[in-house]
Amino acid sequence: MATTPMTYSPSQGAERRQKQQQMRRMSQELDWKRSDGRSFHQCRPACLQTGATNAASGSAYAEFGATKVIVSVFGPRESKKAMMYSDIGRLNCNVSFTTFATPIRGQGSDNKEYSAMLHKALEGAVILESFPKTTVDVFALVLESGGGDLPVIISCASLALADAGIMMYDLVSSVSVSCFGKNIVIDPTAEEEACQDGSLMIACMPARNEVTQLTLTGQWSTAKTNEAMELCMDACSKLASIMRSCLKKSANLSS
Amino acid sequence: MVGLSEGEKHFIRGGIAQDLRSDGRKRLQFRSISVETGVIPQANGSARVRLGATDVIASIKAELGKPSILRPDKGKVSIFVDCSPTAAPMFEGRGGEELSNDLSVALQRCLLGGTSGAGAGIDLSSLIIVDGKVCWDLYIDGLVISSDGNLLDALAAAIKVALSNTGIPKVSVLGASSDEQPDVDVSDEEFLQFDTSGVPVIVTLTKVGRHYIVDATSEEESQMSSAISVSVNRRGQICGLTKRGGAGLDPSVVLDMISVANSVSQQLITVLDSEIAAAEASEE
Amino acid sequence: MATSARGGGEGEAAAGGGGGGGAAAEMEVEAYRRLFPVAYFERHLRESVRLDARPLASPRDTSVALGLVGSADGSALVKFGDTTMVAAIKLEVMTPPAESSDEGSVAVEFYMPPICSPTVRPGRSAEVAPVISKQLSDVIMSSGMINLKDLCLINGKASWIAYLDIYCLNADGSLFDAALVSTVAAFTHLEIPLVSVSDDGRVVTVPGELEGKTKLPLVNKDKRKLMLNNVPFSLTCGLHKEHILVDPTAEEESIIETFVTVVLDTLGRVVSVYKPGGSVLAYTSILKECITLAKRRAQQLRNILNESVSAMEVDKSS
Amino acid sequence: MRDLQPSLNQTQRVRLQSALRQLHSLPSSSSSSPLSSVAVADPIQVNHDDNILKGHGTLDCDGEVVATLCGVVERVNKLVYVRALRARYKPEVGDIIVGRVIEIAPKRWRLEINFSQVAVLMLSSMNLPDGIQRRRTAVDELNMRSIFEENDVICAEVRGFQHDGSLHLQARSQKYGKLERGQLLTVPAYLVKRRKQHFHHLEQYGVDLIIGCNGFIWVGEHVEAGENVGMLVEDQKKTSTAEEESWSFTPLETRKHICRIANAVRLLSALGFTLTVEAIVDTAEASLASNIEINDMLGAEFFVQTAEREVQRRASMVRKKG
Amino acid sequence: MRAMGMDRLDGRNANQMRPLTCSRNLLHRAHGSARWSQGDTIVLAAVYGPKAGTRKGDDPEKASIEVIWKPKTGQIGKQEKEYEMILKRTLQSICLLTSHPNTTTSVIVQVVGDDGSLLPCAINASCAALVDAGIPLKHLAVAICCGLSETGSVILDPTKVEEQKMQAFMHLVFPNSPLAVLPEGSSSKHDEPFEHGIITSVTHGAMPERGYFNCLDRGRAASAAISEFLRRSLQKDGS
Amino acid sequence: MEYVNPLTGFRIDGRRPNELRQIKGELGVVANADGSALFEMGNTRVIVAVYGPREVQNKSQQNNNQALVRCEYSMANFSTGDRTRRQKGDRRSTEISLVIRQTMEASILTHLMPRSQIDIFVQVLQADGGTRSACINAATLALADAGIPMRDIVTSCTAGYLCSTPLLDLNYVEDSAGGPDVTVGILSKMDKVTLLQMDAKLPMDIFENVMQLAIEGCKAIANYIREVLLENTKQLESRRGG
């Protein structure tokens, strides 16, 4: 049934394309309005909440604008695949999208690239020595993809890890920026991402002022890179403080 | 992957700290690089690049396709990397998949620019034949024959060389009818060369202890705390960046590494240019 | 099975997360619960109370929230206690098969992503998932909740196919019941986009602002909401010894062996009586009892659903 | 080690060619002449009346003796066998080998030594750190990892095959044991000749060079036999800050020598020349003499020079003979 | 559909089943096997085991049963997965799982022909196969399919064509042996005899409550006949 | 289509019916393998790397009387004319892996290397007909390079029958002409056939001719391979010196 022959979404194609070109043209000008009325350097309101799923040892739900992500953490539990002798634990990450996450219905399969990125962003923060010979599974499900998915997943995941009581050096918070011509726009939405000239994403441990993951696409002058990085680092530390307060809240509730 | 004893690790770290690596190189010194073009005659362009025991092949194939609805004025480029089990028994079966994926993603990020196509090494609009109807699909395939570290840089170099050696058949549009697919005639004697001046190279800086090195061997890579791969074009602009390894980096260090990568990349580009010239000379 | 799969590696985690209470007594109870689940369970039943302090015949508190997935045409979030379901409907256009040229179709898929339970690992899906998918589509079809003709756009040319995807975010028992409610809720919330036919024969949406302005003929101006007739609701009862427990949790499901799922529609018809084996035999008297319980539950769910609808309308108006 | 293929320019290529040709023409000092080289399935001439013994690498194929390997036919009175060239290591009792621990099993370490199986070093055939001879206790068994752990490079002696066909090693001497503070190089085993001496302490450099018969070659800082460095590095593992670590780094001078020697080995094995301590030291000295940067030893020019030097060396040897 | 009692397309009356056949021990590799047919609906069931060990996640204290459903053509989809699950649960309820703890018994069901009442046919076949393999059972189970017409009349063992015509149809499984020891759970508090209890009930199509219970009674009545046939054929082969 | 010019009797690529394509063999193309080789037949180009004999990785497969021989065949995405992104381990490659493994096992003296494992990794760079033959020939070279004892030199070659002419060593165009093609593998010295594959109908007498032709091809290749090996051995020996 699911594979009914030749079906298409009516909202596809022409009309969306127009929207994008429009967006594109606009973004070339020096000064333009973002569709959600934010200023260039303003992040979307972040809604975070731990303990979304009680089946897991820890979990968190994050909602940044239209982007909705839920992450559960299982373990530490015995490793599925037998490993050779090692005195540190294994961190296993998996990111998947719902079929309805994207405007055009997807396959809802898991996303290898994001899984790998998530792992890279977190492995530096998790104290693997604290659960030798066992595995901690971090599973993320993107309910709705509204732009800046990966940063949200990363932040949400580190929140879930904290909720699961996994030892970490610091929370990992992550923010991305897009660049349009001269402008740098923080925390882009999906349609902004669709026509950006370049993007830069940082995942970091603010308290230690350390970058755990950093990716950059498109063309950047060194000066612009600096500016973008500062912007992200700043936003990351703000986000981290929100995450902290969220954890404190849940801690108070439980006790 | 590579198992080293504490003693060896310590020796390697020491060498890097003292700027004298196990094979006598300095921190920012590449292994001797050798380049061979046209290794895959059936492809539109191909190259083989050797860095010490690291040995990769890149091939470019161009096929006629239809541009995506969202980008009617651009051609499509896709990059795939495969790790052949010949390089290491651990790549057998699905063993190489994870690494292959990582490399593919990194290359895409570093060579294809932003979603709008800005900063792409290859000018996608040069691949278009009929707006919204016909374009070239460029398939870039990397194959790792033998691996001794620094695969990403080697692959990127191979791709750059392969592109410079690529000829795209000249296409003339016959039926210029507006609505349905126009039929085109692909010439088999006339070929268009690519403008590859903009294609960046990738320089990976591997951080070991307090210092970082270029062109790490797999033994050195096993000691890395983290690594940053920067792709830089001739004009010294950054066209992409990825980080590997868990350990965090201080932002200032990152910026420092970027600028170092930038300067090293210019040397690499000149080396490649001469190698390309030499290779083409030997081909004729 | 959920509970049994916990334990072991997760022991300390659970202990740590033991509500911070950590009183020795509490620990002993926890241990007893893990070691002798059945005894522990039956000890409760003798007091005719359940592990979560519910009376046998009362379901967990249930909540329905409509339209939380913006990227879908209709969606709903349903919670039975900790069991959480998200259902979303995306409408796509298809050319209907010749034999039913004036009908659309519904494609149901039920997912159990790894986040929903410790027993599910990425890659291979839980074996119950496809079974529940099947049950859901059976119930939707046989209840006649949706008149497929309503999904027709242009006879023989184009009709809607409703992709209904249900994700279990947290599996804590009675998955089918929760999934069914989320299905119904998602369909209630479904808003069919206004579409017209472009000159190349494709059906395209007409964005709200353009309504009226566009010269293309509007296809479904009057068919923007889906009429739901005789809506089905279900109740799963666990049979243990002579007890009947409604709406069991995952922990209970791991102990009880026999379940009866009764589905009734608005007209009070029996849409399905589903009892796949189990050590306890269902006598007519028991079945009758289950059906009565189901009726009560159906009424209750109907009210909850209506509340959620009106709640949504309130937000809209405000 | 074929990872070293310097890109030669035209003249260099020619020079290399001629050098190799000369090597080819020189009558090799060893009993074997290039004529006696065989490829797989080549017949080996023997006169059947003196009943010869068919040795390694030969096979009786309907009355005819044929080679099963590519190599050189060797005849030791009645025995006829094929000496393989490129192949995995063939252990012989008493060989000094260098190996890497890959697994710790009950009462034994299992080592990779470039043989068709892993070699076994029993806890019992190994001197304990305290150097006292006594029965191994359960405690010793638990502490095995403190003697050798996974990936450690150690030097030992081939003890022989056990009835179960597994290869056993022994390290009952001060000179055997863990190797640290240096680098391990792997070369084709056939380039190493069995000799009296495989441990070489190059005083002039303060470098230890251990040429394992299995083609594993160790170049490292010199340590007096029995002086236990083991502990030294054990500490490093704990040392937290990079500063503390850097104190214990190999002094730059020694490191330079180590790298030079190492590159000499790399170079010779790339050229396919026999790896004797003399050849290695010569090469290193030559590079110093014509002050060539350590890294440039692997470059094209020195590559060719070394080849040419080898020609002269052998030529002179022949002259001495004749 | 004509009023009940009247003849059906294939000339049967409402209460009549298609001719039953059951043959056992046809496969030599399998530890037990049986072929069960009701008219053109034919199912071949093979039993392997008990073999040591249970699948991860199953309770090692008990024997576990795995069912593999092979459709006549094509690969298995959701429908087959559901059949497997129902079959598994049903067979578990009749086997003495405690007698061979930590073992797995696999039942492979091959559909040879499908002309309605497929699931009941498969259940009967597997039940016979289990007996053939000498797997200890609490009691036998007999399955039957009942159809309910718009008019409320009940027919037994409908063909595929009839199934489509029906307002609703259901697969019912009953225990057959009053001689069997009463398993715990069916305590005497119920004033109904043991074999009146239902092991499995799977329904398709909406129907009035009354209609469902009608079908139960009719099915129950018919099940006696089937179990009689089953017992006879088992004894026959046994001797 | 005419695969053989009726007048000149030449084939499309200008070869005579009983003529091999240009063949080239090269040893030691992969740095850290125990043995490796590149083999070319015209445009068909394959690399083979041999690892071992080494400790058996999966203990359960260990055999105490002989070596375990394994083979994996993979095609580069760019190896075929039209680029296809193929999944690993599809039916075809599994089949070829098996063919190569069995053919090589027939020659390797496995009983001399008990409790060990030999991996043969085949990587096709360009496929232009006769890939399996090329792979087998390359494998022989690589195994010899790894110093693994063998009964004999195994070589393989194909022959086909088009335009009522037996043709040696078909290229892709001829191969895809749909005519019968016979793949033969022989132990050259012992003159034994170890591999014989044909998927088509052929009259017995013609089949014999075609097969004979293929065998001739194998022998020619065997001679070449032997030369390559001997030359290489002499080189190594003379370089190694006394």
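The chains referred to below are lettered A, B, ... by the order of the sequence lines, with proteins before strands, and numbering in each begins at 1. All values derive from a computational prediction rather than experimental measurement.
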Just checking, is any N or O donor in the side chain of [X] or [Y] under 3.5 Å from an acceptor N or O on the other one?
X: A/T135; Y: A/N92; value: no
X: A/S145; Y: A/D149; value: yes
X: A/R44; Y: A/T67; value: yes

### Query
With a 4.5 angstrom heavy-atom cut-off, which part of C/P113 approaches chain A: side chain, backbone, both or neither?
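Contact with chain A is through the side chain of C/P113 alone.
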### Query
Of the backbone (N, CA, C, O) and the side chain (C-beta and beyond), which part of A/T102 lies under 4.5 Å from a heavy atom of chain C, both, or neither?
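Contact with chain C involves the backbone of A/T102 alone.
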#### Entry: C/R60 to C/F80 six-membered ring, cation-pi geometry met (6.0 Å, 45°)
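So C/R60 doesn't make the cation-pi contact.
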### Query
Quick one: does A/F97's side chain get under 4.5 Å of A/T99's, heavy atoms only?
no
### Query
Can C/D165 and C/Y111 be said to form a side-chain hydrogen bond (donor to acceptor under 3.5 Å, both in side chains), step by step?
CA-CA 7 Å; C/D165 295 301; C/Y111 301 85; 3.3 Å; yes
### Task
With chain A as the partner chain, list the residues of residues 84-92 of chain C whose heavy atoms fall under 4.5 Å from it, by residue number, and write 'none' if nothing qualifies.
C/V86, C/A88, C/K90, C/L91, C/E92
Side-chain donor-acceptor pairs under 3.5 Å in residues 166-173 of chain A, sequence neighbours left out?
unit_1, atom_1, unit_2, atom_2, d
A/D170, OD1, A/R244, NH2, 2.9
A/D170, OD2, A/A207, N, 2.8
A/S173, OG, A/C236, O, 3.0

### Summary
Among C/I115, C/D82, C/D73, the residue with the most heavy-atom pairs under 4.5 Å to chain A is C/I115
